[in-house]
Participant: 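Have a look at this one before I ask anything.
Here the structure is a predicted model, which is why all the values come from computation and not from measurement. Keep in mind that the numbers below use all heavy atoms, side chains included, and drop hydrogens, waters and symmetry copies. Note that the numbering runs from 1 along the sequence shown for the chain. Note that ligands are numbered from 1 as they come in the structure, with each ligand's atoms numbered from 1 the same way.
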Amino acid sequence: MPDVPFLDLKAQIQPIRDEIWRELELVVDRTAFASGPAAAAFEEDFAAYSGVRECVALNSGTSALHVAMRCLDIGPGDEVITVSMSFVATAWPILYLGARPVFVDIDPERFTLDPSRLEAALTPRTRAIVPVHLYGQCADMDPILELAKERGIPVIEDAAQAAGAKYKGRRAGSMGTIGCFSFYPGKNLGAWGEGGAITTDSLEIAERARRLRDHGQSQKHLHDEVGYNYRMDGLQGAVLRVKLRYLDEWNDRRRQVARLYDSILQTAPIRTPKACPDGEHIYHLYVIRSREREALREGLQERGIQTGLHYPKPIHTQEPFVALACRPGDLPVSEALGRQCLSLPIFPELSEVQIRRVAEALGATT
Ligand SMILES: *Cc1c(COP(=O)(O)O)cnc(C)c1O
């Protein structure tokens, strides 16, 4: 392992290993491997945590976005507005459904959908707006929600990187029509395998999502519409339910790590990320910017410090999207961030010594 790993999942497992193991045994004893009581109990807890009426547990964040768009009947001829500076999965379901992605540039400080550019992207074919709470900070939701409401367009929050984050007191995933989460192991609430969920206040949407994840069955042997096998694995439900109890504590610790980076990196020749005062950033990622990104990354690597890139090639420049949406050069803020972004190690158990080593390697005087 490098001296400072980008992510150390083992450090998180050790203190809660026995607690999780007991819950896994219950799932095994009941042989409730697909959905079942553990996944249902997680749904209940995650809905309460998020401040919504319903949570539907699924098998990935990508399926969550897919199911969310199916629940809104998005299909061929429709347009879905989102951002290009995200993980590619934000936009995959738009293509799965034969709809057209319309990418809006991001705010240069917040890195999320720029509300001032939203209106110009709306057309009579716009069927959904999908802001992404990138790196763990919520998009500036109020102006987005206001415009969406005015035009009668539903909002799907991609909260895959923002479990537990807040915006003006509201949790990520509770503000739009539907919230989408990923519990991929590397996310800040990670399963011991794949997982995802949607959150919503609409009982109708939740019911439809429950049918869609289970082959479109309204009752046994009755498949009313095209469905999927998108159920959450029972073992993942058990893991996530235990881990949810620690989420706030872990997110607090991530914020402390970020505060320390912020203060030590003041003297380094890079730009630190900005946390807006209207919410609670949970720092799924701590992303600095530099025009010398590649040289910095190599220098850190030589010192045993692992880094990541989120995301060096924005979605609209990826092959399956180029013919459909805007072209390279059309989203200057997203593309500049793609060239300059560098994700530093961050996880709740990262030590002060490790943080100082990273900062020193970046040229901070510590
Ligand atoms: C991880 C991620 C997804 C996809 O989640 P999976 O569980 O990997 O399918 C979608 N959107 C964003 C912003 C993500 O970070």
Participant: Numbering the atoms of ligand 1 from 1, which are under 4.0 Å from a heavy atom of S60?
Facilitator: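 Matching atoms, with element in brackets: 7 (O), 9 (O).
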Participant: Among protein heavy atoms, which lies nearest atom 2 (C) of ligand 1, and at what distance?
Facilitator: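 Result for atom 2 (C) of ligand 1: K187 NZ, 2.7 Å.
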Participant: Checking the N or O distance criterion of under 3.5 Å, is ligand 1 in contact with G61?
Facilitator: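 Among all N and O atoms of G61, at least one is under 3.5 Å from an N or O of ligand 1.
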Participant: If you count the atoms of ligand 1 from 1 in the order shown, which ones are under 4.0 Å from a heavy atom of T90?
Facilitator: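 Those qualifying, in numeric order: 11 (N), 13 (C).
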Participant: Can you find an N or O of Y184 that's nearer than 3.5 Å to an N or O of ligand 1?
Facilitator: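 So ligand 1 has no N or O lying under 3.5 Å from an N or O of Y184.
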Participant: Please find out if less than 6.0 Å separates the ring center of Y135 from that of H284.
Facilitator: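 When the ring centroids of Y135 and H284 are compared, they turn out to be at least 6.0 Å apart.
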Participant: Short N/O distance, under 3.5 Å, between D158 and ligand 1?
Facilitator: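 Min N/O separation from ligand 1 is below 3.5 Å for D158.
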Participant: Could you check which of H284, M85, Q161 puts a non-hydrogen atom nearest to atom 15 (O) of ligand 1?
Facilitator: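 Among H284, M85, Q161, the closest heavy atom to atom 15 (O) of ligand 1 belongs to Q161.
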Participant: Taking S84 for its side chain and H316 for its backbone only, find out whether a donor-acceptor pair lies under 3.5 Å.
Facilitator: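 Side chain of S84 to backbone of H316: a pair is present.
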Participant: By number and element, which atoms of ligand 1 are closer than 4.0 Å to a non-hydrogen atom of S86?
Facilitator: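 Under 4.0 Å from S86, ligand 1 has these atoms: 13 (C).
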Participant: I want to check a possible cation-pi pair here: R171 against Y49, using under 6.0 Å from ring centre and within 45° of the ring axis as the test.
Facilitator: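 So R171 does make the cation-pi contact.
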Participant: With atoms numbered from 1 as shown, which atoms in ligand 1 lie under 4.0 angstrom from a non-hydrogen atom of T62?
Facilitator: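 Matching atoms, with element in brackets: 4 (C), 5 (O), 6 (P), 9 (O).
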Participant: Which residue is it: H215, R70, R213? I am looking for the one with a side-chain hydrogen bond (donor to acceptor under 3.5 Å, both in side chains) to Y228.
Facilitator: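 With Y228 as partner, H215, R70, R213 yield a single side-chain hydrogen bond (donor to acceptor under 3.5 Å, both in side chains), made by R70.
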Participant: Are side-chain N/O atoms of Q12 and K243 paired as donor and acceptor at under 3.5 Å?
Facilitator: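 Q12 vs K243: donor-acceptor pair found between side chains.
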Participant: For ligand 1, is there an N or O atom under 3.5 Å from any N or O atom of E194?
Facilitator: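 In fact, backbone or side chain, E194 has no N or O that close.
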Participant: Testing the 3.5 Å rule here: is there a donor-acceptor pair between the side chains of E79 and T123?
Facilitator: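 T123 and E79 do have a side-chain donor-acceptor pair below 3.5 Å.
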Participant: Among all the protein's non-hydrogen atoms, which is closest to atom 8 (O) of ligand 1, and how far away is it?
Facilitator: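 That would be S182 OG, 4.0 Å.
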Participant: Has S50 got a side-chain atom pairing as donor or acceptor with F46's backbone, closer than 3.5 angstrom?
Facilitator: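 Such a contact is found between S50 side chain and F46 backbone.
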Participant: Heavy atom under 4.0 Å from ligand 1: found in A160's side chain, backbone, both, or neither?
Facilitator: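 The answer is the side chain of A160.
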Participant: With sequence neighbours left out, what residues match R259 under side chain to side chain donor-acceptor pair (under 3.5 Å)?
Facilitator: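 Only Y283 meet the side chain to side chain donor-acceptor pair (under 3.5 Å) criterion with R259.
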Participant: With atoms numbered from 1 as shown, which atoms in ligand 1 lie under 4.0 angstrom from a non-hydrogen atom of A89?
Facilitator: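 Taking each heavy atom of A89 in turn, ligand 1 has 3 (C), 4 (C), 10 (C) under 4.0 Å.
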Participant: Centroid-to-centroid, F87 to W92, below 6.0 Å?
Facilitator: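 Centroid separation for F87 and W92: 6.0 Å or greater.
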